[in-house]
A.B. asks: 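Attaching a single structure in structure tokens format; questions to follow.
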Amino acid sequence: MQDFLSEERRGAVLRSLRTDEGTLSRDYLTAARNVLRELVAMPDLIQRLPLERKAGGYTRNLLAGNDAVSIWAIVWGEGSTTCIHDHHCSCCFGVVSGTVTETWYRAIDATRAVPVEEQERQAGYVACMLPSGPNIHRMQNLGAGDAISIHIYGFDHEAHASSIETQYTAVNG
């Protein structure tokens, strides 16, 4: 999957995400936003990639990564949803196509949370957050057809299976 970017381009993207302060700085978030804006502006290229898909679920496709960051294309099948979660690292994402609904939550204890806000994120939307949290959310595709988003996480994809720190259970507030 990493072949959609030439080795030279992939290296340039990964270098642009390196900052002296690492992936927990405002400079890093600015760099990640810039990369995401560039990638979501190329929906035709991203949609032509041989991305893995799963009906009713979501699939993560590694586009590039190193010991500090990983860049993923996520294909959201119709009706797919993540668990309610926060992140152990910085988390930036941009929507390439379709609509991804993001629901924000407030923790009421170590494993339970109540919903506080819901927004539809459409093509072109870009956001970044640090794990200074709590940044608890759930993402889902409530629309018809697939949606595609690009995610940049501040973690080594070979050292961690995912960016999720804690999973929560929703309760009524």
Side-chain angles (χ1 to χ4, degrees), residues 13-14 16-40 57-77 79-143 147-173:
V13 166
L14 292 171
S16 75
L17 294 170
R18 284 221 185 253
T19 65
D20 292 337
E21 295 83 27
T23 60
L24 298 177
S25 70
R26 297 289 170 201
D27 287 344
Y28 166 78
L29 293 183
T30 298
R33 273 189 200 91
N34 291 338
V35 168
L36 284 170
R37 285 184 183 121
E38 181 181 338
L39 292 174
V40 302
Y58 66 93
T59 55
R60 298 181 316 148
N61 297 269
L62 183 66
L63 300 179
N66 60 23
D67 63 341
V69 298
S70 56
I71 304 171
W72 303 83
I74 299 182
V75 179
W76 303 89
S80 62
T81 185
T82 66
C83 61
I84 300 165
H85 64 278
D86 63 6
H87 297 274
H88 63 80
C89 60
S90 56
C91 170
C92 302
F93 76 95
V95 179
V96 174
S97 62
T99 300
V100 178
T101 300
E102 182 178 26
T103 306
W104 285 91
Y105 292 80
R106 177 180 49 82
I108 59 171
D109 61 32
T111 60
R112 297 180 307 149
V114 295
V116 293
E117 181 180 350
E118 185 170 284
Q119 295 289 325
E120 288 188 349
R121 310 303 191 190
Q122 298 181 351
Y125 178 82
V126 170
C128 289
M129 66 181 126
L130 295 173
S132 55
N135 291 315
I136 304 167
H137 68 159
R138 175 180 64 195
M139 299 180 74
Q140 49 193 334
N141 178 4
L142 301 175
I148 300 174
S149 57
I150 304 292
H151 297 246
I152 302 176
Y153 297 111
F155 79 94
D156 179 350
H157 66 282
E158 292 184 4
H160 299 278
S162 85
S163 65
I164 293 175
E165 174 76 14
T166 304
Q167 291 186 30
Y168 294 83
T169 301
V171 295
N172 293 328

A.B. asks: Please assess N34 against S16 for the test side-chain contact (heavy atoms from CB on, under 4.5 Å), listing each intermediate value before the final yes or no.
C.D. replies: CA-CA 9 Å; N34 291 338; S16 75; over 6 Å; no
A.B. asks: Minimum heavy-atom separation for T99 and Q122, please, with both atom names.
C.D. replies: OG1-CG, 3.7 Å
A.B. asks: Going by side-chain contact (heavy atoms from CB on, under 4.5 Å), name the residues that satisfy it together with A123, two or more places apart in sequence or in a different chain.
C.D. replies: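 So A123 forms no side-chain contact (heavy atoms from CB on, under 4.5 Å) with any residue.
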A.B. asks: Can you sort out the partners of T59 under side-chain contact (heavy atoms from CB on, under 4.5 Å), two or more places apart, ordered by chain and number?
C.D. replies: E52, K54, N61, V75
A.B. asks: Going by heavy atoms in the side chains, are C83 and I164 under 4.5 Å from each other?
C.D. replies: yes
A.B. asks: Please identify each residue that fulfils side-chain contact (heavy atoms from CB on, under 4.5 Å) with A147, with sequence neighbours left out.
C.D. replies: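 side-chain contact (heavy atoms from CB on, under 4.5 Å) list for A147, sorted by chain: W76, V100, N141.
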A.B. asks: Using the test side chain to side chain donor-acceptor pair (under 3.5 Å), find all partners of T103 that sit at least two apart in sequence or belong to another chain.
C.D. replies: E118
A.B. asks: Looking only at heavy atoms, what is the nearest atom pair of S70 and L62, with distance?
C.D. replies: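 Smallest heavy-atom distance, with atoms named: CB-CD1, 4.2 Å.
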A.B. asks: Provide the full list of salt bridge (charged side-chain N to carboxylate O under 4.0 Å, His left out) pairs with a residue in residues 80-104, sequence neighbours left out, each pair given once.
C.D. replies: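 Found E102-R121.
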A.B. asks: What are the two closest heavy atoms between Y58 and S80, and how far apart are they?
C.D. replies: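 Residues Y58 and S80, closest heavy atoms: N-CB, 3.7 Å.
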A.B. asks: Quick one: list whatever passes salt bridge (charged side-chain N to carboxylate O under 4.0 Å, His left out) with R18, sequence neighbours left out.
C.D. replies: D67
A.B. asks: Knowing that exactly one of I74, V126, I71 qualifies, which makes a side-chain contact (heavy atoms from CB on, under 4.5 Å) with I150?
C.D. replies: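 Result: among I74, V126, I71, I71 is the only option passing the side-chain contact (heavy atoms from CB on, under 4.5 Å) with I150.
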A.B. asks: Main chain of S162, side chain of H88: is a donor-acceptor contact present, judged purely on distance under 3.5 Å?
C.D. replies: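 Yes, because the side chain of H88 sits within donor-acceptor range (under 3.5 Å) of the backbone of S162.
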A.B. asks: Between atom CG of L17 and atom CG of D27, what is the distance when rounded to the nearest 0.5 Å?
C.D. replies: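 L17 atom CG to D27 atom CG measures 12.0 Å (nearest 0.5 Å).
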A.B. asks: Can you tell me how far the SG atom of C89 sits from the NE2 atom of H160, to the nearest 0.5 Å?
C.D. replies: 8.0 Å
A.B. asks: Filter on salt bridge (charged side-chain N to carboxylate O under 4.0 Å, His left out), then keep only pairs touching residues 156-171, sequence neighbours left out; what's left?
C.D. replies: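 Listed once each, the pairs would be none.
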A.B. asks: Any chance you could lay out the side-chain contact (heavy atoms from CB on, under 4.5 Å) test for I136 and I84, step after step, and finish with the verdict?
C.D. replies: CA-CA 7 Å; I136 304 167; I84 300 165; 3.6 Å; yes
A.B. asks: With rounding to the nearest 0.5 Å, note down the distance linking CZ in R138 to OG1 in T82.
C.D. replies: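 Result: 7.0 Å between the selected atoms.
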A.B. asks: For Q119, check side chain to side chain donor-acceptor pair (under 3.5 Å) against everything at least two apart and list the hits.
C.D. replies: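 With sequence neighbours excluded, Q119 shows a side chain to side chain donor-acceptor pair (under 3.5 Å) to E117, given in chain and number order.
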A.B. asks: Who are the side chain to side chain donor-acceptor pair (under 3.5 Å) partners of R112, not counting sequence neighbours?
C.D. replies: D109
A.B. asks: Quick check: closest heavy atoms across L14 and G65, and the distance to 0.1 Å?
C.D. replies: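 That closest heavy-atom pairing would be CD1-O, 3.7 Å.
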A.B. asks: Enter the distance from S163:OG to W72:CH2 here, rounded to the nearest 0.5 Å.
C.D. replies: 9.5 Å
A.B. asks: Taking ring-ring contact (aromatic ring centres under 6.0 Å, His included) as the definition, give me every residue that meets it alongside Y168, ordered by chain and number, with sequence neighbours left out.
C.D. replies: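 With neighbours one apart ignored, the set is empty.
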A.B. asks: Within a strict 4.5 Å, meaning less than it, do heavy atoms of the V96 and L39 side chains meet?
C.D. replies: no
A.B. asks: Per the salt bridge (charged side-chain N to carboxylate O under 4.0 Å, His left out) rule, what does the pair list look like for residues 28-40, sequence neighbours excluded?
C.D. replies: R9-E38
A.B. asks: Check each of V69, L36, L130 against C92 using the side-chain contact (heavy atoms from CB on, under 4.5 Å) test, and report the only one that passes.
C.D. replies: L36
A.B. asks: Please work out which of the three classes, parallel, tilted or perpendicular, describes the rings of F93 and H137, given edges at 30° and 60°.
C.D. replies: tilted
A.B. asks: For Y153, enumerate each residue passing the side chain to side chain donor-acceptor pair (under 3.5 Å) test, keeping only those at least two apart in sequence or located in another chain.
C.D. replies: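 By the side chain to side chain donor-acceptor pair (under 3.5 Å) rule, Y153 matches H151.
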A.B. asks: Where do N135 and W104 land on the side-chain contact (heavy atoms from CB on, under 4.5 Å) test, with the steps shown first?
C.D. replies: CA-CA 8 Å; N135 291 315; W104 285 91; 3.9 Å; yes
